[in-house]
Amino acid sequence: MQSKTNGPVPPEQNSAKKAATPAAVKATPADAEPTPPTEQAPVHGEAATPAVPTLGNVLEAAEELWPLSLAEAWDAVGLVTGRTGQPVRKVVLAVDPTLEVIDDAIAQEADLLITHHPLLLRGVTQVAGTHFKGEAIHRLIESGTALLTAHTNADSAVGGVNDALADAFGLQDCVPLVQSPNGLPEEGLGRVGFLEKPMKLEAFAERVYTVLPAVAGGVRVAGDRLGVVRKVALCSGAGDSLFDAVRSHAADVYVTADLRHHPASELREQAGAGHPYLIDVSHFASEWVWLSAAAKALGNVLHDDGFDIDIQVSQVNSDPWDFVLTP
């Protein structure tokens with residue numbers, strides 16, 4: 001029996017807290033209003049005090065990295081709670097906006113929580129605290145913690161969730177599995193790329209298992225364990241709706257999450273003993289690997305804009321499964 005861990009057992013976590021570059025200071029006439037202490041010009045030879053970004057500044061950086069235009073039509077992305085003028089000194093990134101994740105972000109005194117999954121994906125008519133989603137909204141607002149969602153826009157973006165997963169698996173020469181209709185040629189859902197050299201399916205599945213955070217469900221594989229794979233298709237999160245694209249790319253193996261019985265069975269029946277093989281991973285785990293890369297990228301953009309900010313990755317394991325029984 002494999003049990004759920006208290007928190008992800010990740011590849012190396014990257015904190016994105018950076019020292020900001022000195023901001024340019026505009027000369028002030030002698031009779032002008034005094035400059036606030038945080039914006040005073042430095043004494044000659046001293047560095048300027050790094051500025052604290054507003055939520056609006058962070059939203060601009062997020063738009064640069066994960067454009068809202070890349071979101072799927074059905075998705076709900078962007079700012080959920082918070083005022084654009086509020087200062088943001090600390091950001092926490094997580095996969096899910098669960099109450100445990102929210103409480104952890106509040107305990108860390110985060111000004112902004114960025115989650116991959118939306119809290120309010122479907123329409124609601126009330127946010128009363130009698131329901132867990134309403135309670136989540138109340139805790140965020142009452143603590144002054146803003147919430148930002150970067151979902152399918154982060155999936156499709158260059159350097160986003162799928163690129164992070166492809167990097168973790170060691171893929172090269174990657175292209176989107178399905179190109180975004182609103183993006184550049186390199187933007188879109190999923191990725192298809194090549195391993196540096198061919199591997200047996202079992203060895204590649206072991207690599208997948210090793211680079212993902214430990215969860216109760218582990219990794220499931222369909223295919224000949226001694227079969228050879230080199231061309232890999234992947235899609236973070238639930239990806240069995242993209243089987244046609246996997247076949248059109250002639251991938252040797254497809255890595256995704258939440259594979260259902262009938263679509264998986266029919267794909268393997270159609271393939272016979274050949275490709276594509278299937279590797280089914282945790283939905284949470286397939287997207288958690290992006291968080292460290294996202295924290296670093298966001299920190300770099302804000303650093304280049306002259307801001308100092310503390311960005312952390314939540315260590316809360318929000319995978320819903322607690323344990324699994326195996327033969």
Would L171 and L234 count as a side chain to side chain contact (heavy atoms under 4.5 Å, CB included) if you check the C-alpha gap in whole Å, the side-chain angles of each, and the deciding distance to 0.1 Å?
-> CA-CA 10 Å; L171 302 188; L234 62 86; 3.6 Å; yes
Step by step, work out the side chain to side chain contact (heavy atoms under 4.5 Å, CB included) result for R207 and L195.
-> CA-CA 11 Å; R207 174 183 291 186; L195 296 167; 3.6 Å; yes
List the steps, then state whether side chain to side chain contact (heavy atoms under 4.5 Å, CB included) holds for R247 with L267.
-> CA-CA 9 Å; R247 283 187 284 256; L267 180 136; 3.7 Å; yes
With side chain to side chain contact (heavy atoms under 4.5 Å, CB included) as the test, would you mind laying out the steps for L79 and L55 before giving the verdict?
-> CA-CA 10 Å; L79 189 64; L55 178 56; 3.9 Å; yes
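No donor-acceptor distance shorter than 3.5 angstrom exists from the side chain of T256 to the backbone of A238, with no hydrogens or angles considered. Side chain of Q172 to main chain of G170: no donor-acceptor pair is present (N/O by atom type, distance under 3.5 Å, no hydrogens or angles). Not one N or O on the side chain of D304 forms a donor-acceptor pair closer than 3.5 Å with the backbone of V301.
Proximity of V58 to L112: side-chain heavy atoms (C-beta onward) are separated by under 4.5 Å at one or more points. The shortest side-chain heavy-atom distance between V255 and F204 falls under the 4.5 Å cut-off.
Ring pair H275/Y277 is perpendicular by interplanar angle, where above 60° counts as perpendicular and below 30° as parallel.
Here L99 sits in one hydrophobic cluster together with F132; the rule is ILVMFWY side chains under 4.5 Å apart, joined directly or through other members.
Heavy atoms of other residues, nucleotides or ligands lying less than 6.0 angstrom from CD of E202 number more than 12.
Interatomic distance, OG1 of T115 versus CG of L93, reported as 9.0 Å (0.5 Å rounding).
The only member of L147, I106, V80 that meets side-chain contact (heavy atoms from CB on, under 4.5 Å) when paired with L140 is L147.
Sorted by first then second residue, the side chain to side chain donor-acceptor pair (under 3.5 Å) pairs that include residues 143-156, not counting sequence neighbours, are D75-H151, D75-T152, H116-D155, S143-T145, D155-S236. Contacts classified as side chain to side chain donor-acceptor pair (under 3.5 Å) and involving residues 178-201 (residues at least two apart or in different chains) are given here: D163-R191.
Under the 4.5 Å side-chain heavy-atom criterion for Ile, Leu, Val, Met, Phe, Trp and Tyr, V232 and L189 are members of distinct hydrophobic clusters. Hydrophobic clustering of Ile, Leu, Val, Met, Phe, Trp and Tyr side chains at less than 4.5 Å, counting indirect connections, keeps F243 apart from V253. Clustering ILVMFWY residues whenever any of their side-chain heavy atoms sit less than 4.5 angstrom apart, transitively, puts V52 in a cluster other than the one holding V91. Y254 and L201 are not part of a single hydrophobic cluster, where members link through side-chain heavy atoms under 4.5 Å apart. Under the 4.5 Å side-chain contact rule for hydrophobic residues, V211 and L165 share a cluster.
No hydrogens or angles considered: a donor-acceptor pair under 3.5 Å links the side chains of E287 and H283.
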